There are 2 protein chains.
Amino acid sequence: MLGLLARRPSTGYELSRRMERPVGWFWTAGHSQIYPELARLEAAGLVTHEDVEGAGPRQTKRYHVTAAGLADLRAWVAAELEPQPVRDLEVLRLWSIWTVEPEAARDLVRRVREGHVERLAAYEADLATLDGVAEAADRTRPEFASRVTLEGGVRSRRAVVEWLDWLLEELADG
Amino acid sequence: MLGLLARRPSTGYELSRRMERPVGWFWTAGHSQIYPELARLEAAGLVTHEDVEGAGPRQTKRYHVTAAGLADLRAWVAAELEPQPVRDLEVLRLWSIWTVEPEAARDLVRRVREGHVERLAAYEADLATLDGVAEAADRTRPEFASRVTLEGGVRSRRAVVEWLDWLLEELADG
DNA sequence: CCTTTCATGTAATGGGTTACATGATTCG
DNA sequence: CGAATCATGTAACCCATTACATGAAAGG
C-alpha cells in the first residue's frame, strides 16, 4: 500500500481498484483489508489523509505517504530478503498427474496452459502501453519499475507456456 | 497430503519431512497442520492407519490412502481450475525499486538473483537423480510427475535468472 | 427508475504459522 | 551423557477472504 501511495495518492476505494491491475499481478488485497490497514498506517504516521468531496455516504478520504512512510518503504525495499514459501496449486496438481487417465491428464495440462497464455497476453498488453513512454527508461521513475516487473512476468509466463507445450508432447500418443 | 500418501504410506512425521523437499518446492505444511488434517481425512474415510512401533512417546501411526481417497485425489486433479491469486513479495519489492538509490537497487536485484540461482541448482540436482530412472519415462508412475514438475521448476527459474541479468544491465552505469 | 460506480466501514470465518508440551531412541 | 532425530499432539495468534451493512451520485 505504501508502494501504491508513493506512486500516487489515492482513496481506499481507489487502492482496491488499483490492486486489480498492474500491482495486482503479484499482490492483491480486498477493501476489507485496506481500510483497517490505512487506519493503522496513519496511526503509525506513515500516511495522512485530507477529506475530499465524493459520492459515498461517509467522508471520502484521500491518502498520501508522509516522509516517514517513504523512508519506511525505502527501508523495506532494501531490507534483507526472507525465503518465501512457494504455493502453487497448479503444479501440485501436475505432481499427481500420474494418477489420472491419459485423456484427463492432457486436458488438465491444456487448461493450465490456457490460463498462462491469457496472463501472458495481459502482461504483454500492459507492457505495450509503456512502449515509447520516456519515463519508463528512467530508473528513478515508477514507470521504469512497472516496465521491469512486467518484463519479468512476460518472460516467466513464456517459459511456463513452453514447458507445458513440452509436457503435452511427452503426453502425446498414449 | 493425499498426493503424498498415494505415492507412499507415511507417518505424520514423515509427511512433514517430505514436505520439505520435492513437494515442498511448491507446497508446504507444518506438522501442526498435518496431524489434525490426517484425523479429518480419516474421519472422511479417505485415509486409514495402522499402528507401528516407533520412537515417540505416543503410538506411531502409518497412514495410507483408501480407494475413496484415491478417487478423491483423481477427481481433484481433473477438476475445474480456479484462478489462483499470485503473491510475490520479491516482485512487489522490485515494483518499488524506483524509490531507492542506484546501489541499493542493484544490490537488491543481486540478492534476489542469488536466491533463484540456489533454487535452480536444487531443482537441477533433484532432476539429475531421476536421470536414467526407467519409471520417470512412464506416465503412470509418480517419478514421471516428479520429473515433469522439476523440469518446469528449472525452466521458470532459468527464465527468472535471465530476467534479473537483463535487469542488472538496465541498472548498470547509473 | 434501476443498475452501476463510488465510497467506507465491521463481523465472522478459515487457513496457516508460531509457540507450547511431552518423551523415547539413537548416535557421537 | 548430551544432542539430534523420531514422533504426536494442542493452543494462540495472525492474515486474508467472505459476508454483512449503508448510502449517494451518475448514467442508461
Side-chain angles (χ1 to χ4, degrees), chain A residues 1-5 8-21 23-44 47-64 76 82-90 92, chain B residues 1-5 8-21 23-44 46-64 76 82-89 92:
Chain A
M1 280 168 52
L2 289 176
L4 279 163
L5 293 175
R8 166 159 43 97
S10 296
T11 66
Y13 184 80
E14 285 165 352
L15 285 179
S16 68
R17 298 273 98 185
R18 292 175 66 192
M19 288 272 186
E20 284 166 19
R21 270 158 306 168
V23 218
W25 299 134
F26 36 87
W27 203 265
T28 45
H31 77 277
S32 61
Q33 243 191 308
I34 288 169
Y35 291 111
E37 188 60 30
L38 278 172
R40 244 170 289 142
L41 290 173
E42 187 157 45
V47 303
T48 37
H49 78 268
E50 73 267 18
D51 293 324
V52 292
E53 69 266 29
R58 295 184 191 78
Q59 266 185 328
T60 299
K61 301 170 193 166
R62 168 152 281 109
Y63 287 87
H64 54 92
W76 173 69
E82 306 114 53
Q84 32 175 12
V86 181
R87 314 203 124 229
D88 192 323
L89 271 176
E90 286 180 353
L92 193 62
Chain B
M1 278 169 51
L2 288 177
L4 278 164
L5 293 175
R8 165 158 45 96
S10 295
T11 66
Y13 184 80
E14 283 166 354
L15 285 177
S16 70
R17 298 273 98 182
R18 292 175 67 193
M19 288 270 186
E20 285 166 17
R21 269 157 308 167
V23 218
W25 299 134
F26 37 86
W27 202 265
T28 45
H31 77 277
S32 62
Q33 242 191 309
I34 288 169
Y35 291 112
E37 188 59 29
L38 279 172
R40 245 171 287 143
L41 290 174
E42 186 156 46
L46 305 178
V47 302
T48 39
H49 78 268
E50 73 268 17
D51 293 325
V52 293
E53 67 268 27
R58 295 183 192 78
Q59 267 184 328
T60 300
K61 301 171 195 165
R62 168 153 283 110
Y63 288 88
H64 54 93
W76 172 70
E82 306 116 52
Q84 33 174 9
V86 182
R87 315 201 122 230
D88 192 324
L89 271 175
L92 193 61

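All values reported here derive from a predicted model rather than from experimental measurement. Throughout, a chain's letter reflects where its sequence line sits, starting with A, and its residues are numbered from 1.
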Would you be so kind as to tabulate the donor-acceptor pairs closer than 3.5 Å made by side chains of residues 13-20 of chain B, with sequence neighbours excluded?
unit_1, atom_1, unit_2, atom_2, d
B:Glu14, OE1, B:Thr11, N, 3.0
B:Glu14, OE1, B:Arg62, NH2, 3.2
B:Glu14, OE2, B:Arg62, NH2, 3.0
B:Ser16, OG, B:Tyr13, O, 2.8
B:Arg17, NH2, B:Glu20, OE2, 3.2
B:Arg18, NH1, B:Leu4, O, 3.3
B:Arg18, NH1, B:Arg8, O, 3.1
B:Arg18, NH1, B:Ser10, OG, 2.8
B:Arg18, NH2, B:Leu4, O, 3.2

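Here the C1' atom of nucleotide D:dG9 and the CG atom of B:Leu15 are 15 Å apart, to the nearest Å. Between the P atom of D:dC6 and the CD1 atom of B:Ile34 lies a distance of 14 Å, rounded to the nearest Å. Distance B:Glu42 CD to D:dG9 P: 10 Å, rounded to the nearest Å. In this entry the distance linking CG of A:Asp51 with P of C:dC6 reads 19 Å, nearest Å. Taking atom NE2 on B:His49 and atom P on D:dG9, their separation rounds to 8 Å, with Å as the unit. B:Met1 places its CE atom 11 Å from the P atom of C:dG16, with the value rounded to the nearest Å. Rounded to a whole Å, the CD atom of A:Glu37 is 16 Å from the C1' atom of C:dT8. Atom C1' of nucleotide C:dT17 and atom CD of A:Glu82 are separated by 14 Å, given to the nearest angstrom.
At the heavy-atom level, A:Arg62 lies nowhere under 4.0 Å from the strands shown.
Remark: B:Tyr13 is not in phosphate contact with D:dT8, judged by side-chain N or O atoms under 4.0 Å from OP1 or OP2. Close to C:dT8, at under 4.0 Å from its OP1 or OP2, lies a side-chain N or O of A:Thr11.
In this structure, A:Glu42 has no salt bridge (charged side-chain N to carboxylate O under 4.0 Å, His left out) partners at least two apart in sequence or on a different chain. The ring pair (Phe, Tyr, Trp, His ring centres under 6.0 Å) check on B:Trp27 picks up nothing, with sequence neighbours excluded.
Side-chain atoms of A:Gln84 come within 3.5 Å of backbone atoms of B:Leu89 as a donor-acceptor pair (strictly under, hydrogens ignored).
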Set out, line by line, the N/O atom pairs under 3.5 Å between protein and nucleotides 18-20 of chain D.
unit_1, atom_1, unit_2, atom_2, d
D:dT18, O4, A:Ser32, OG, 2.6

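Each of B:Pro36 and B:Arg87 was matched to the nucleotide of DNA chain D holding its nearest heavy atom; the match closer to the 5' end belongs to B:Pro36. The residue among B:Arg17 and A:Arg40 whose nearest nucleotide of DNA chain D lies closer to the 5′ end is B:Arg17.
Taken from NE2 in A:His49 to CG in A:Asp51, the straight-line distance is 4.5 Å, to the nearest 0.5 Å.
The two residues B:Met1 and B:Ile34 have their closest heavy-atom pair at CE-O, 3.8 Å.
Within 6.0 Å of CD on A:Glu82 lie no more than 12 heavy atoms contributed by other residues, nucleotides or ligands.
The side-chain hydrogen bond (donor to acceptor under 3.5 Å, both in side chains) pairs that include a residue from residues 30-41 of chain B are B:Glu37-B:Arg40, where partners are two or more places apart or lie in different chains. The list of salt bridge (charged side-chain N to carboxylate O under 4.0 Å, His left out) pairs with a residue in residues 26-36 of chain A, not counting sequence neighbours, is empty.
The C1' atoms of five pairs define one axis at each end of the helix from C:dC1-D:dG28 to C:dG28-D:dC1, and these two axes lie 30° apart (to 10°).
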